[in-house]
Amino acid sequence: MPLDVFATEMLSAYGPQGWWPLLAHAGSNPTSTGRLTGYHPGDFTFPRSKPQLFEICCGAILTQNTAWTNVERALASLAKLARLSARGILSADDGTLESAIRSSGYFRAKARKLRAFSRFYLGLAGRTPSREELLGVWGVGPETADSIRLYAYKQPEMVVDAYTIRVLVRHGYCRLPLNYARAKRYCEARLPRSVQGYQEFHALVVEHAKRLRAARG
DNA sequence: TTCCAGGCAATAC
DNA sequence: GTATTGCATGGA
């Protein structure tokens, strides 16, 4: 079936995914009990503030090759230390920053990446960065740049990840070897150019791939 | 215990 | 351009 139909079917099967997850924010999950449940299905109004925008950027870096549950802990730890901001990260000493994000893995490299991004972010002075600018930041590759563009800055930028590649190949849309640029072009050429559509598609692909894996064991 | 998770940079061809 | 390796935690 065409890719846009596949997207519609995933939406029917799994429902809206509510990406990008954010730490508990005012008015959300009032009955939440301890676990961080920052998804907001069907609500595309986030981020609603600069701190939330910056949190998404940090999450995009921290989740590189890492399970989101480990990232949640790191973000919550940074927030608790009042370090989940560009100035907070840049003014923290190495030990503080590294121990705060320890749970997200590769913590020394990621601490360096958060600092590099924070410097870049302050230099933007609120402006939306281009994809090329983001790719010029140490520690920001194609997926991280696109995630930041799509979810933090709401630019119509398709995000591809390991799951997307697997799903496109498994369902016969593409053949290996399938690199990032080709997968991105393939999807963008077949889906309506829309921020909400791109956000939902990427999140649904991840959900779909996780279910496939679970079903296979 | 092994395998994997919402990558990226450095290096070597 | 493609292939390989180091980076590191926590859950299944």
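Each chain gets a letter, A, B and so on, in the order its sequence line appears, and its residues count up from 1. All heavy atoms count here, side chains included; hydrogens, waters and symmetry mates do not.
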Quick check on DNA chain B: between A:Asn70 and A:Lys113, whose nearest nucleotide comes earlier from the 5' end? A:Asn70
Assuming nearest nucleotide by heavy-atom distance, tell me which of A:Leu135 and A:Val206 is located more 5' along DNA chain B. A:Val206
Does any donor atom in the side chain of A:Gln199 or A:Lys154 lie under 3.5 Å from an acceptor atom in the other side chain? no
Within the 4.0 Å heavy-atom criterion, would you say [X] contacts the bases, only the backbone, or no part of the nucleic acid?
X	result
A:Ser103	sugar-phosphate
A:Trp19	base
A:Val140	sugar-phosphate
A:Val137	sugar-phosphate
A:Ala209	nothing

Please give, in whole Å, the distance from [N] [atom2] to [X] [atom1]?
X	N	atom1	atom2	answer
A:Ile61	C:dT9	CD1	P	19 Å
A:Arg112	C:dG6	CZ	P	17 Å
A:Asn65	B:dC3	CG	C1'	12 Å
A:Arg182	C:dT2	CZ	C1'	14 Å
A:Leu176	C:dG1	CG	P	20 Å
A:Arg213	B:dA5	CZ	C1'	9 Å
A:Arg73	C:dG11	CZ	C1'	9 Å
A:Lys110	B:dA5	NZ	P	14 Å

Between A:Arg115 and A:Asp94, does any side-chain N to carboxylate O distance fall below 4.0 Å? yes
Short side-chain N/O contact to C:dC7 OP1/OP2 from A:Arg102, under 4.0 Å: no
Ignoring backbone atoms, establish whether A:Trp138 has a side-chain N or O less than 4.0 Å from OP1 or OP2 of B:dA10. yes
Candidates [options] - which lies nearest the side chain of [X]:
X	options	result
A:Pro142	C:dT9, B:dC4, B:dC8	B:dC8
A:Ala162	C:dT2, C:dT9, B:dG7	B:dG7
A:Gln64	C:dA8, B:dG7, B:dA5	B:dG7
A:Thr144	C:dT9, B:dG7, C:dG10	B:dG7

If we take the P atom in both B:dA10 and C:dA8, what is their distance in whole Å? 14 Å
Under 6.0 Å between ring centres, would you say that holds for A:His208 and A:Phe201? no
Does the side-chain hydrogen bond (donor to acceptor under 3.5 Å, both in side chains) test come out yes or no for A:Asn65 and A:Tyr106, once each step is laid out? CA-CA 9 Å; A:Asn65 202 38; A:Tyr106 311 129; 2.9 Å; yes
In terms of ring plane angle, is the pair A:His202 and A:Trp19 parallel, tilted or perpendicular, where the classes change at 30° and 60°? perpendicular
Aromatic ring pairing A:Phe46/A:His40, orientation class (parallel under 30°, perpendicular over 60°, tilted between): tilted
